[in-house]
Amino acid sequence: MTDHQLPPSEMSLEWLRSMTLIRRFEERAGEQYTRAKVGGFLHLAIGEEATIVGTVAALRPTDYMIATYRSHGQALARGSEPGRVMAELFGRVDGLCRGRGGSMHMFDLQRRFMGGFGIVGGNLPLAAGFGLTSDYLDSDDATLCQFGDGASNQGTFGETLNLAALWSLPVVFMVTNNQFGMGTSLERHSAQTDLQRKGEGFGVPGLECDGMDVVDTWAVTTEALRIAREERQPVLVEALNYRFRGHSIADPEDYRSEEEVLEWSKRDPLVTFGDRLVAEGVLSDEQREAIDLEAIETVDAAVAFADASPEPEPSSLYDDVYVLSDQVRGWYSADHRGAGLQKGEDLS
Amino acid sequence: MAEMRYREALNQALAEELERDPNVYLMGQDISVFGGAFKVTEGLLDRFGEKRIRDTPISENTIVGLGVGSAMTGLRPVIELMTINFSLLALDQIINHAAHVRYMFGGQVSVPLVVRMPQGAGHQLGPTHSHSFEALYLHVPGLLVAVPSTAADAKGLLKTAIRDDNPVIFIEHETLYGQRGEVPDDPDFTIPFGLAAVRREGSDVTLIGISRMAQTAERAAEQLATEHGIEAEVIDPRTLRPLDLDTILESVAKTNRCVIVEEGWPHGGVGANFAALIQEQGFDDLDAPVGRVTGVDAPMPYAKSLEQISFPHEEQVIEATLALFGDRKRASRG
Ligand SMILES: Cc1ncc(C[n+]2csc(CCOP(=O)(O)OP(=O)(O)O)c2C)c(N)n1
Ligand SMILES: [Mg+2]
């Protein structure tokens, strides 16, 4: 349900490609998890593709984007190589973070995708920090920070919105309201369920978008970014969406009914947007299938790449604990190897 | 050399680094107009303006997180927290993010952040304002930890901290702010991390003092010499991460005895950690178990009489040292 016109057809098709890639990537990641190729937690964004792609489409390449532990899609949409995202899930050296972060901690500095954070609400202060850097350096880069409905109950939410408003920081805070924080539904965790209003007391205006509609998400986020960038003030955007899969892979989903999931799945962002493109003559059925096949092939290649990538060397265990220099020449440790400057970590 | 107070030395370090690098900025509660709870940042607002000397709301965790974000993107924030007790509210950002984002993201970013804060007892501020938590931060890989005990070290180490690309926990001491000391004038005077200072040479026992306790150990050493004929070597590690273990082990190899003095709690303390390292690395050099003198294992009480017996003084250091010598030296006491 959107009143917005479609963007130019090449752009529309690009968005469909991006959403399709995320969908197929996530499905395959889930599959790889059941085959024990992926460890730890795996939070999939199936159902939330429009929120991701619409948001990224509104950003400039130099804008900072920061998200949560549910952010394979954000990395892909920002242009990270699918093979490297998959390799990170596999814990391999060619992973985006060389196998140090895993599913919850994607990061791609080159594309200004600033993570990937496992602490609910922990990323909001960092977003304000990116905004401060932009402000301090007189740049017109903006920051977009995504977090969940559950995260809006953290202290960092209020603290960060207050600071961002007080210091006029160019940050768009986007609460992706997928109706649940794990198994706790919105009305059971937040006294104010109209989340776009949750910033009012801090002087942060709210906007709402249909997070199941890539065009609406793009249009609203574009306006929010304009306000942040030009009027130098933070904005809170509530993106209403739904995740079709469980919170993480192991989730029996006792907290919601099949009917509810079915009802929302009628609004599947991939299907509705594809249908619209066909209806408006931007996309043929053959093209639609070709886009899907292309995504599947990309994901196949990503899995093959990840599979071929080596495991990290044990000798790299201490890499990047510190920035080494004359000042900190190595990793002065105490472990089974004894105490002292560890071999291979001394620059001198 | 110029004589100045510890707080003035810190102020000078901040001013020099603000002058040197336009990306260095300060933020904290009441640091600008008010000049800082302990007046360390006094006068900096007038000199550098409110863009670079920023008062913040009372939101410790978010202030540190904001610092981490700005450090990840090119700035060099120096954050003041009013006391180390309040840093507990910021532990999430300090440990989960400041210390770990570089590692967790495979080395793609660094976090050149300094968090400055005072610790310590002696001002009758009771159980929420008087603790010593260097052991807490020593525990965390990814952080550097400095514990300056003199005005010169305060200046030299703070300048190094600001120039370093790692996150630094910079622990000052409330009772040292007013103390005077000689400080080099050179604006490029810095002290490297991981280099202990030998405050006093001696051949009978090694005393290691952490933070303010380096001074307590030094005074105890004088008394040990004059009253007991024991020559103590006093070492101030100055930074706990990285740690100059070599200097400590060399000293213990010479003296064969060691006592560690700290203000914090005994369980999981700095002394516990050092004692483990020394016995692992220098067991053959030891003629006696490694001794520890710590704060008492209780929250910090308000009453002056109780507070004073809750952290180490020279008497406890002397007692713990004599215990390592058994009866031979004890006998020579009178
Ligand atoms: C500080 C913290 N507390 C608890 C958790 C465990 N946890 C992970 S995700 C989650 C639910 C978050 O819900 P929401 O913010 O709505 O995001 P969503 O997962 O729905 O995208 C919880 C409780 C955590 N990771 N961090
Ligand atoms: Mg949610």
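Note on naming: letters A, B, ... go to the chains in the order of the sequence lines (proteins, then strands), and numbering restarts at 1 for each one.
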Among the listed options A/Gly129, A/Ser134, A/Ala164, the residue most often paired with chain B at heavy-atom distances under 4.5 Å: A/Gly129
Side chain / backbone / both / neither for B/Pro22 at chain A, heavy atoms under 4.5 Å: backbone
Distance in Å, A/Thr133 OG1 paired with B/Leu66 CG, rounded so as to fall on 0.5 Å steps: 8.5 Å
Distance (rounded to the nearest 0.5 Å) between A/Trp167 CH2 and B/Asp55 CG: 8.5 Å
Residue, of A/Leu166, A/Thr156, A/Leu163, that accumulates the most heavy atom pairs under 4.5 Å with chain B: A/Leu163
Minimum heavy-atom distance A/Cys97-B/Gln108, with the two atoms named: SG-NE2, 3.9 Å
CG (A/Leu137) with more than 12 external heavy atoms under 6.0 Å: yes
For A/Gly122 against B/Gln93, the heavy-atom pair lying closest together: O-NE2, 3.0 Å
Residue B/Thr239 versus chain A: region with a heavy atom under 4.5 Å: neither
Side-chain donor-acceptor pair present, A/Tyr322, B/Arg102, cut-off under 3.5 Å: no
Results of ring-ring contact (aromatic ring centres under 6.0 Å, His included) for B/His97 - residues two or more places apart only: A/Phe117
Heavy-atom closest pair, residues A/Tyr136 and B/Lys51: O-NZ, 2.8 Å
Distance in Å, B/Phe105 CZ paired with A/Arg98 CZ, rounded so as to fall on 0.5 Å steps: 14.5 Å
Best-contacting candidate, A/Arg112, A/Arg100, A/Gln110, against chain B by heavy atom pairs under 4.5 angstrom: A/Arg100
Region of B/Val101 in contact with chain A, defined by heavy-atom distances below 4.5 Å: side chain
From B/His100 atom NE2 to A/Ile119 atom CD1, the distance as rounded to the nearest 0.5 Å: 11.0 Å
For chain A, which residues of residues 153-164 of chain B have heavy atoms nearer than 4.5 angstrom: B/Thr160, B/Asp164
Evaluation steps, side-chain contact (heavy atoms from CB on, under 4.5 Å), between B/Met72 and A/Phe107: CA-CA 12 Å; B/Met72 287 167 72; A/Phe107 191 92; 3.7 Å; yes
Closest non-hydrogen atom pair, A/Leu317 against B/Tyr103: O-OH, 2.7 Å
Neighbour count above 12 (heavy atom, 6.0 Å) for B/His139 NE2: no
Separation between OG1 of B/Thr62 and CG of A/Asn162, rounded to the nearest 0.5 Å: 9.5 Å
Residue B/Leu143 versus chain A: region with a heavy atom under 4.5 Å: backbone
Selection from B/Asp165, B/Leu195, B/Leu144, B/Leu75 maximising heavy-atom pairs under 4.5 Å formed with chain A: B/Leu75
Contact class of B/Asn96 relative to chain A, heavy atoms under 4.5 angstrom: side chain
Separation between CD of A/Gln154 and CG of B/Asn61, rounded to the nearest 0.5 Å: 9.0 Å
Heavy atoms from other residues, nucleotides or ligands near CZ of A/Phe41 exceed 12 (cutoff 6.0 Å): no
